[in-house]
Amino acid sequence: MGAFLTLSTSAAVILLVIRGGFCVDIIGGNEVAPHSRPFMALITTSNEEPICGGALIKENWVLTAAHCDVKGGKVILGAHSRKRNEREKQVFQIAKQIRYPCYCSSSLENDIMLLQLQGRATLNKAVQVIPLPTTDDDPKPGTTCTVAGWGQTHNRVRKFSDTLREVNITVINRQICNDKNHYRKNPFITDNMICAGAKNGGKDSCFGDSGGPLRCNNVMRGITAFGKANKCGTVDGPGIYTRLTKKYLQWIWKIIGGA
């Protein structure tokens with residue numbers, strides 16, 4: 001595994017990616033029923049090491065995080081287990097990766113990317129497209145959301161889940177996430193981001209989960225982005241998610257609309 005990139009800030013913020021960037025896994029969650037989240041995409045290296053997660057938004061397009069280093073990687077759809085051979089799996093090479101043009105690795109703004117697959121997925125019970133939201137509603141603090149992935153299940157232990165796991169987390173007011181007990185505005189948690197975790201900690205995304213969808217009331221509202229280094233599931237280090245704002249949705253549709 002490549003070393004995780006740590007920003008030289010007091011917040012010691014990390015992106016939740018594994019290879020050449022920042023990544024995350026599920027803390028405090030549970031294994032889901034096999035193939036019950038058919039929109040989930042697993043992005044791995046050619047050697048089957050996890051890179052990031054993602055969401056299938058069209059037969060040949062996956063939405064993920066811009067910080068994910070997918071060069072030489074592949075996309076696996078229909079997976080429950082990373083390691084087992086499953087007849088439901090569909091494996092694709094990546095034809096094109098398109099980062100949002102204003103992605104900034106220092107401020108962590110605009111952490112969103114599209115992956116075009118070489119070929120089109122066959123939609124079935126195990127592989128389905130997740131609908132993009134029709135509005136850019138900003139989930140209110142206290143809203144329960146879910147995040148899933150194959151990432152790390154214990155803070156500071158670099159062991160990734162073989163099977164897909166999911167956890168319920170709660171949206172936290174951005175002002176709280178920016179205060180001295182959390183991110184200290186370093187980086188600043190903006191309106192383009194959603195802060196979510198658990199009041200008493202113990203529930204979070206973590207290393208290896210980056211790029212996976214954040215769903216609130218069964219609607220995709222965000223993309224797993226970053227958290228504090230070695231702070232998965234802690235009270236002062238809730239996860240941060242790129243919010244699917246109007247500008248991002250317009251950008252997505254402009255690219256994938258006719259493809």
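Any value given below was found using the heavy atoms of this structure, including those in side chains, with hydrogens, waters and symmetry copies removed.
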Check: Can you list the steps and then say if Arg174 with Asp138 is a side chain to side chain contact (heavy atoms under 4.5 Å, CB included)?
Finding: CA-CA 11 Å; Arg174 292 186 185 89; Asp138 190 1; 2.9 Å; yes
Note to self: Is there a side-chain hydrogen bond (donor to acceptor under 3.5 Å, both in side chains) between Asp236 and His182? Walk through the geometry before answering.
What the structure shows: CA-CA 5 Å; Asp236 63 337; His182 291 81; over 6 Å; no
Margin query: Quick one, Gln118 with Ile94, criterion side chain to side chain contact (heavy atoms under 4.5 Å, CB included). Give me CA distance, side-chain angles, the key distance, then yes/no.
Written below: CA-CA 6 Å; Gln118 288 186 2; Ile94 298 169; over 6 Å; no
Notebook entry, point to check: When you look at Thr146 and Arg215, which way does the side chain to side chain contact (heavy atoms under 4.5 Å, CB included) test go after all the steps?
Noted result: CA-CA 5 Å; Thr146 60; Arg215 297 184 299 139; 3.6 Å; yes
Next item on the list: For Val127 and Thr122, run side chain to side chain contact (heavy atoms under 4.5 Å, CB included): C-alpha distance rounded to whole Å, both residues' side-chain angles, the deciding distance at 0.1 Å, then the answer.
Entry: CA-CA 7 Å; Val127 177; Thr122 300; over 6 Å; no
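Cluster annotation: Ile255 is connected to Ile130 through the hydrophobic network of ILVMFWY side chains, with a link wherever side-chain heavy atoms come within less than 4.5 Å. Both Val129 and Phe92 are part of a single hydrophobic cluster, where members link through side-chain heavy atoms under 4.5 Å apart. Residue Phe226 is not grouped with residue Ile176 when hydrophobic side chains (ILVMFWY) are merged at heavy-atom distances under 4.5 angstrom, including chains of intermediate members. The cluster map of Ile, Leu, Val, Met, Phe, Trp and Tyr, joined by side-chain heavy atoms under 4.5 Å apart, puts Tyr241 and Phe188 in different clusters. Ile112 and Trp253 end up in the same hydrophobic cluster when Ile, Leu, Val, Met, Phe, Trp and Tyr side chains are linked at under 4.5 Å.
Looking only at side-chain heavy atoms (C-beta outward), Ile98 and Gln116 stay at 4.5 Å or farther from each other. Annotation: side chain of Ile252 is in contact with side chain of Leu132 (closest heavy-atom distance under 4.5 Å). Looking only at side-chain heavy atoms (C-beta outward), Leu42 and Met40 stay at 4.5 Å or farther from each other. Within the 4.5 Å cutoff, no side-chain heavy atoms of Ser205 are placed close to those of Cys232. Side chains of Pro213 and Ile223 form no contact here, defined as non-hydrogen atoms less than 4.5 Å apart. Contact of the Met113 side chain with the Val70 side chain is registered, since non-hydrogen atoms from C-beta on lie closer than 4.5 Å. In this structure, the side chains of Thr135 and Arg221 come closer than 4.5 Å at one or more pairs of heavy atoms. Contact check for Met220 versus Pro131: no side-chain heavy atoms found under the 4.5 Å cut-off.
Judged by distance alone, with hydrogens and angles left aside, the side-chain atoms of Asn47 form no donor-acceptor pair with the main-chain N or O of Glu49 at under 3.5 Å. A donor-acceptor pair under 3.5 Å is absent between the side-chain atoms of Arg120 and the main chain of Asn60, judged by distance alone. Looking at Thr242, its side chain never comes within 3.5 Å of a backbone N or O of Ala225 through a donor-acceptor pair. Looking only at distances, a side-chain donor or acceptor of Glu86 sits under 3.5 Å from a matching main-chain atom of Ser81. Thr224 places a side-chain N or O within 3.5 Å of a backbone atom of Gly212 that can act as its donor or acceptor partner.
Look at Asp137 and Lys246 and you find no salt bridge, because none of the NZ, NE, NH1 or NH2 atoms lies under 4.0 Å from a carboxylate O. Using a 4.0 Å cut-off between charged side-chain N and carboxylate O, Asp162 and Arg84 make a salt bridge. Salt bridge Arg184/Asp179: absent, no basic N to carboxylate O contact under 4.0 Å. Taking 4.0 Å as the cut-off between side-chain N and carboxylate O, Lys74 and Glu48 count as a salt-bridged pair.
Summarising the local packing, CD of Glu31 is surrounded by more than 12 heavy atoms from other residues, nucleotides or ligands at distances under 6.0 Å. For Lys247, the NZ atom sits in a packed shell: over 12 heavy atoms of surrounding residues, nucleotides or ligands are nearer than 6.0 Å. Other residues, nucleotides and ligands contribute more than 12 heavy atoms inside 6.0 Å of the CG atom of Asn181.
For the atom pair CG (Leu114) and CD1 (Ile256), the distance works out to 6.5 Å, reported to the nearest 0.5 Å. With rounding to the nearest 0.5 angstrom, the CZ atom of Arg165 is 12.5 Å from the CZ atom of Arg37. Atom CG of residue Asn124 and atom CG of residue Leu77 lie 10.0 Å apart, to the nearest 0.5 angstrom. With rounding to the nearest 0.5 Å, the separation of CG in Asn192 from CG in Asp136 is 10.0 Å. Put simply, CG on Leu63 and CD1 on Ile57 are 5.0 Å apart, with the number rounded to the nearest 0.5 Å. In this structure, SG on Cys195 lies 4.5 Å from CD1 on Ile172, to the nearest 0.5 angstrom.
A cation-pi arrangement, defined by a distance under 6.0 Å to the six-membered ring centre and an angle within 45 degrees of its axis, is present between Lys228 and Tyr183.
Minimum interatomic distance between Ala41 and Val75 (heavy atoms only, all atoms of both residues): CB-CG1, 4.1 Å. Scanning both residues, Pro50 and Arg82, for their nearest heavy atoms gives CD-NH1, 3.6 Å. Across all their heavy atoms, Val167 and Asp204 have their closest contact at CG1-O, 3.9 Å. Across every non-hydrogen atom of Val32 and His80, the tightest pair is O-CE1, 3.1 Å. Listed here is the closest heavy atom pair of Leu214 and Cys145: CD1-CB, 3.8 Å. Nearest approach of Trp61 to Leu56, heavy atoms of both residues: O-CD1, 3.5 Å.
Checking each of Trp251, Tyr103, Tyr248, Tyr100 against Asn110 for a side-chain hydrogen bond (donor to acceptor under 3.5 Å, both in side chains) leaves exactly one that passes, namely Tyr248.
Residues satisfying the side chain to side chain donor-acceptor pair (under 3.5 Å) criterion with Ser36, sequence neighbours excluded, are absent altogether.
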